[in-house]
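Chain letters run A, B, ... following the sequence lines, proteins first, then strands; residues in each count from 1.
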There are 2 protein chains.
Amino acid sequence: MATTNQTGGSRHTKGGRMKATSSRRAQSARTELRLLRTACWLFSERGFHGTGIRDISEAAGVAVSAMYYYASSKDELLEAVTRRVMEVLAASSEETVRDIDDPAERLAALIAVHAAFHARNPRAAKVADHEFQALTGQARRDILRLRDAYEKVWADTLEAGVRAGVFTDRGNVARLALLQMATGIAHWYHPNGELDIARLCERFADMGLALMGASRDGRPLQVGDLRIPDSELLLQRVELSIEPRRKPTGV
Amino acid sequence: MATTNQTGGSRHTKGGRMKATSSRRAQSARTELRLLRTACWLFSERGFHGTGIRDISEAAGVAVSAMYYYASSKDELLEAVTRRVMEVLAASSEETVRDIDDPAERLAALIAVHAAFHARNPRAAKVADHEFQALTGQARRDILRLRDAYEKVWADTLEAGVRAGVFTDRGNVARLALLQMATGIAHWYHPNGELDIARLCERFADMGLALMGASRDGRPLQVGDLRIPDSELLLQRVELSIEPRRKPTGV
DNA sequence: CCTATTTGACCAAACGATCGATAGACTAAT
DNA sequence: ATTAGTCTATCGATCGTTTGGTCAAATAGG
């Protein structure tokens with residue numbers, strides 16, 4: 001244990017012409033990202049309060065104080081993770097929905113983005129869902145504002161659909177049910193399971209449309225009838241740099 | 001602060017004929033329940049690791065060591081809360097579903113029970129959902145076994161409905177989506193909101209049936225077409241003694 | 001019924017371990 | 001020569017848990 005960062009870049013200017021492995025700035029940026037990813041992993045696994053700063057720094061392979069060089073407190077790590085989740089989620093959905101007018105198509109797209117995000121970034125999503133309540137003060141208010149803005153896009157879409165007679169009016173509980181059922185993906189989805197992400201998004205969009213009683217000309221609407229974003233574009237839009245894609249090396 | 005239990009029962013046998021306020025056994029049982037409710041409240045509010053035993057005992061109005069008279073560790077409190085949640089949830093759903101054969105009716109009843117439980121016992125439900133992962137060893141395995149048994153009732157119902165041609169086949173993800181969307185109720189439902197519990201259960205059963213494409217003779221099925229449990233019976237079945245119905249007196 | 005004894009239900013105080021955070025030294029890249 | 005980045009070592013506070021006691025209700029003996 002206690003394998004730390006002792007700046008071991010294999011480089012030597014003296015004599016040999018070997019170029020630097022990477023600049024100091026790049027090394028530093030990589031360390032910071034590694035810390036965020038490690039914190040994200042551990043927060044999702046053990047919860048914010050169940051994770052110590054020693055757990056984080058050891059798993060990231062740096063000393064405790066190195067962590068404090070990048071973040072001024074443990075809370076700031078949580079805030080960083082949560083904020084990035086909300087920002088990417090909001091940006092990707094707004095971008096996807098921007099040029100869609102039809103409410104059913106909008107809803108299908110929103111569900112697809114939401115599902116893709118939670119399937120692709122389960123750890124970060126879980127942290128943002130469960131642990132953000134550990135935030136206090138301004139940080140908490142900021143996150144809540146972001147979340148409210150995100151949910152408003154859903155609310156507007158559902159309202160428009162109801163007004164247009166495309167959706168059954170199920171009140172505000174429908175929005176919460178739809179969001180919740182797709183958010184849950186982060187808890188159980190595994191890429192090696194019965195569905196790849198593209199099919200998962202399709203399936204969930206179908207379920208969401210059915211739940212809202214989406215219909216056109218008296219006929220129930222399915223995803224097949226609609227134009228939904230290409231799955232590669234989807235995955236690119238929900239990409240989240242701080243999502244840990246493998247277990248941190250130090251446990 | 002530090003208002004403790006100093007056995008203050010206002011009673012005196014000498015002279016007056018005043019009867020004992022309550023037996024020692026009853027007092028003790030009430031203290032134990034108060035501790036469980038307080039722990040449940042705080043776990044749901046701050047998480048298991050975010051709650052200290054001093055927080056619990058102070059909020060319950062007893063000394064720290066009094067808590068250890070009833071529970072041998074903090075983990076045991078969490079286990080007690082979680083186990084009771086799973087037991088009541090499993091018992092109430094099995095009892096409700098016992099004499100229903102029709103898959104659509106079964107699903108509607110399952111959703112209604114699940115929704116009622118989470119609306120009526122939101123704090124305990126949140127603890128069982130989020131914090132049970134803090135459990136380890138045998139306690140964790142026990143809880144998982146209970147949860148799996150509960151989910152199996154859902155899986156069987158959905159399978160039966162698909163086989164009977166009543167439901168659209170949406171695979172295992174449908175079960176998870178249905179459960180998740182109703183579990184989320186614990187996070188947002190408030191009895192003074194737009195729906196009382198009876199209407200909430202109806203609404204969710206409707207959404208669940210729609211999600212599964214439930215139909216009979218080519219016509220979509222709604223709750224109105226089905227026999228679902230009376231709401232009073234429902235509420236009685238999901239009653240959970242350890243759900244804290246008011247904020248503990250000490251914070 | 002009265003009294004002596006046991007015991008159930010608590011309390012205050014303290015334990016070592018771990019917590020988040022800081023101080024100050026060191027090192028290698030600029 | 002400077003400084004960005006990391007180290008080791010340590011801080012006081014708080015953590016979950018235990019110890020040793022107190023006191024009144026319950027129980028037993030007369």
Side-chain angles (χ1 to χ4, degrees), chain A residues 1-14 18-35 39 42-43 46-58 60-78 134 136, chain B residues 1-15 17-35 39 42-43 46-58 60-78 134 136:
Chain A
M1 33 222 58
T3 49
T4 46
N5 236 5
Q6 219 72 269
T7 320
S10 66
R11 65 168 76 183
H12 46 95
T13 321
K14 185 189 293 184
M18 179 175 257
K19 196 63 186 302
T21 313
S22 76
S23 77
R24 193 141 84 133
R25 290 263 291 272
Q27 269 289 10
S28 178
R30 238 176 293 133
T31 301
E32 183 174 16
L33 186 58
R34 185 155 33 92
L35 274 166
L42 289 170
F43 289 165
R46 312 176 187 171
F48 177 71
H49 291 298
T51 305
I53 51 170
R54 285 165 188 82
D55 299 331
I56 300 172
S57 37
E58 273 173 32
V62 296
V64 172
S65 42
M67 197 208 82
Y68 278 94
Y69 179 77
Y70 294 101
S72 68
S73 70
K74 197 177 85 161
D75 300 66
E76 205 173 278
L77 283 177
L78 175 60
T136 57
Chain B
M1 7 254 75
T3 49
T4 45
N5 237 6
Q6 218 71 269
T7 319
S10 65
R11 65 170 76 180
H12 46 96
T13 322
K14 186 187 297 184
R17 278 281 69 93
M18 179 175 256
K19 197 62 187 301
T21 313
S22 79
S23 77
R24 195 143 82 133
R25 291 261 291 271
Q27 270 287 12
S28 178
R30 239 175 292 131
T31 301
E32 183 174 16
L33 186 58
R34 185 155 34 90
L35 273 166
L42 289 170
F43 289 165
R46 312 177 187 171
F48 176 71
H49 291 298
T51 305
I53 51 169
R54 284 163 188 84
D55 300 331
I56 300 173
S57 38
E58 272 174 33
V62 297
V64 170
S65 41
M67 198 208 81
Y68 278 94
Y69 179 77
Y70 293 101
S72 68
S73 69
K74 198 177 86 160
D75 300 66
E76 204 173 277
L77 283 177
L78 176 60
T136 57

Taking only residues two or more places apart in sequence or in another chain, which ones pass side-chain hydrogen bond (donor to acceptor under 3.5 Å, both in side chains) with S28(A)? Y70(A)
Among all residues two or more places apart in sequence or in another chain, which pass the side-chain hydrogen bond (donor to acceptor under 3.5 Å, both in side chains) test with S72(A)? E76(A)
Under-4.0 Å side-chain N/O to phosphate OP1/OP2 contact, Y69(B) with dA9(C): yes
Here the distance between atom C1' of dA21(C) and atom OH of Y70(A), to the nearest Å, is 18 Å
If you find the nucleotide of DNA chain C closest to R25(A) and the one closest to R34(B), which residue's nucleotide is nearer the 5' end? R34(B)
According to a strict under-4.0 Å criterion, is S28(A) in side-chain N/O contact with OP1 or OP2 of dA4(D)? no
Could you pull out the closest heavy-atom pair between I56(B) and T51(B), with the gap in Å? CG1-CG2, 3.6 Å
Donor-acceptor pair under 3.5 Å: do we get one between S65(B)'s side chain and the base of dT18(D)? no
R30(B) CZ to dA25(D) C1': how many Å, rounded? 15 Å
Atom CZ of R46(A) and atom P of dC19(C): how far apart are they, to the nearest Å? 10 Å
Who pairs with S57(A) by side-chain hydrogen bond (donor to acceptor under 3.5 Å, both in side chains), at least two apart in sequence or on another chain? none
Phosphate-side-chain proximity, T31(B) and dC10(C), N/O vs OP1/OP2 below 4.0 Å: yes
Over how many whole Å does the gap from R24(A) atom CZ to dT2(D) atom P extend? 15 Å
Under the salt bridge (Lys or Arg N to Asp or Glu O under 4.0 Å) test, which residues partner R54(B), sequence neighbours left out? none
Applying side chain to side chain contact (heavy atoms under 4.5 Å, CB included), can you list everything that pairs with A29(B), at least two apart in sequence or on another chain? none
List, with names and distances, any nitrogen or oxygen atoms from the protein found under 3.5 Å away from nitrogen or oxygen atoms belonging to nucleotides 15-17 of chain D.
residue : atom : partner : partner atom : Å
dG16(D) : OP1  : T51(B)  : O            : 3.3
dG16(D) : OP1  : K74(B)  : NZ           : 2.6
dG16(D) : OP2  : I53(B)  : N            : 2.9
dG16(D) : N7   : R54(B)  : NH1          : 2.9
dG16(D) : N7   : R54(B)  : NH2          : 3.4
dG16(D) : O6   : R54(B)  : NH2          : 2.6
dT17(D) : OP2  : Y68(B)  : OH           : 2.6
dT17(D) : OP2  : K74(B)  : N            : 3.0
dT17(D) : O5'  : Y68(B)  : OH           : 3.2

Distance in angstrom units between L35(A) CG and dT6(D) C1', rounded: 12 Å
